[in-house]
Amino acid sequence: MDHLDHRILSALRVYGCDPRVAGAARALSWAGEHGALWLAAGLAGAAVDGARRGAWVRGTALTAGAHLVSMGVKRVVRRPRPAHVEPLVRTAGRHSFPSSHAASAAAAAVAFGMLATCRGGGGGRTTAPLATTATRVALPPLATAMCLSRLVVGVHYPSDVAAGAALGALTACAGARWMRGGADD
């Protein structure tokens, strides 16, 4: 598995030689630091979608929770970051498994994706244009790009990203019932 991880990472890291790809990957890495992009998106959703404010806040909490769990797992596993490629960005920590960027991205995509079926303030199910467009169209590809950016910038192995994404998605799924909670929040 390590050999395959190394080969895939080396192949994807080559894309970072293109300045446009490197710039986009760096920007995504920066925006995803400590889940910032996803936490900001959740809080913005809560601010503009009053009918589902509580669901947005709960989704944001699940996203933050996935990020915190991934950081805890990193402290236990302590896998070093890839040393066979030149990284394009600095990292907040020296441990690689799982990717916290991937955990928060996947958690946000799953949690905020549930908003299309969350109850609005009137008790019935609603579908707001913001929730439909942002969660069903924009967030999954953006979350995928965030995950891939960690490989392009050379700071995670593919297995780190896959584990982080799985952890984030599982965290959001585990909180699905809470996420779809009461309308009177």
Side-chain angles (χ1 to χ4, degrees), residues 5-6 8-48 56-57 59-75 77-113 115 130 133-169 171-172:
D5 249 0
H6 280 75
I8 293 170
L9 174 59
S10 295
L12 289 172
R13 175 58 187 83
V14 168
Y15 289 101
C17 294
D18 180 327
R20 296 167 298 186
V21 174
R26 282 186 185 114
L28 283 168
S29 286
W30 177 81
E33 198 64 49
H34 302 295
L37 174 65
W38 314 111
L39 300 177
L43 295 175
V48 300
W56 278 102
V57 170
T60 303
L62 288 170
T63 300
H67 185 80
L68 291 171
V69 168
S70 72
M71 290 173 52
V73 172
K74 274 186 191 200
R75 285 174 174 43
V77 174
R78 305 178 70 79
R79 181 183 195 185
R81 292 198 184 267
H84 72 286
V85 295
E86 179 79 25
L88 296 179
V89 296
R90 291 181 185 224
T91 59
R94 60 183 190 263
H95 299 116
S96 185
F97 183 92
S99 167
S100 295
H101 278 70
S104 58
V110 171
F112 300 153
L115 286 166
L130 173 67
T133 301
T135 61
R136 290 194 173 168
V137 177
L139 283 183
L142 184 58
T144 301
M146 177 74 70
C147 292
L148 290 173
S149 77
R150 303 306 281 169
L151 301 171
V152 171
V153 299
V155 296
H156 282 293
Y157 293 104
S159 59
D160 301 335
V161 172
L167 186 144
T171 301

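Keep in mind the model is a prediction, meaning the values are calculated, not measured.
- Scanning both residues, Gly16 and Ala22, for their nearest heavy atoms gives O-CB, 3.2 Å.
- The two residues Leu151 and Pro158 make their nearest non-hydrogen contact at CD2-N, 3.5 Å.
- Put simply, OG1 on Thr91 and NE2 on His101 are 9.5 Å apart, with the number rounded to the nearest 0.5 Å.
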Contacts under 3.5 angstrom, residues 24-40 side chains, donor-acceptor by atom type, not counting sequence neighbours:
unit_1: Arg26; atom_1: NE; unit_2: Leu88; atom_2: O; d: 3.1
unit_1: Ser29; atom_1: OG; unit_2: Ala25; atom_2: O; d: 3.2
unit_1: Ser29; atom_1: OG; unit_2: Arg150; atom_2: NH1; d: 3.0

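- Residues Ala143 and Ala105 share a closest heavy-atom pair of CB-O, 3.6 Å.
- With a 4.5 Å cut-off on side-chain heavy atoms, Trp56 and Val48 do not count as touching.
- Without hydrogens or angle criteria, His84 side chain to His6 main chain gives a donor-acceptor distance under 3.5 Å.
- Atom-to-atom distance recorded for His67:NE2 and Ser99:OG is 9.5 Å, nearest 0.5 angstrom.
- With values rounded to the nearest 0.5 angstrom, Arg79 atom CZ is found 11.5 Å from Lys74 atom NZ.
- For Ser159 against Phe97, the heavy-atom pair with the smallest separation is O-CE1, 3.8 Å.
- Note: Ser70 OG to His95 NE2 = 13.5 Å, rounded to the nearest 0.5 Å.
- The CZ atom of Arg81 sits 11.0 Å away from atom OH of Tyr157, with the distance rounded to the nearest 0.5 Å.
- Shown here for Ala66 and Leu167, the closest heavy-atom pair between the two residues is O-CD2, 3.5 Å.
- Leu43 CG to Thr60 OG1: the interatomic distance, rounded to the nearest 0.5 Å, is 5.0 Å.
- When all heavy atoms of Gly154 and Val85 are compared, the closest pair comes out as O-CG2, 3.6 Å.
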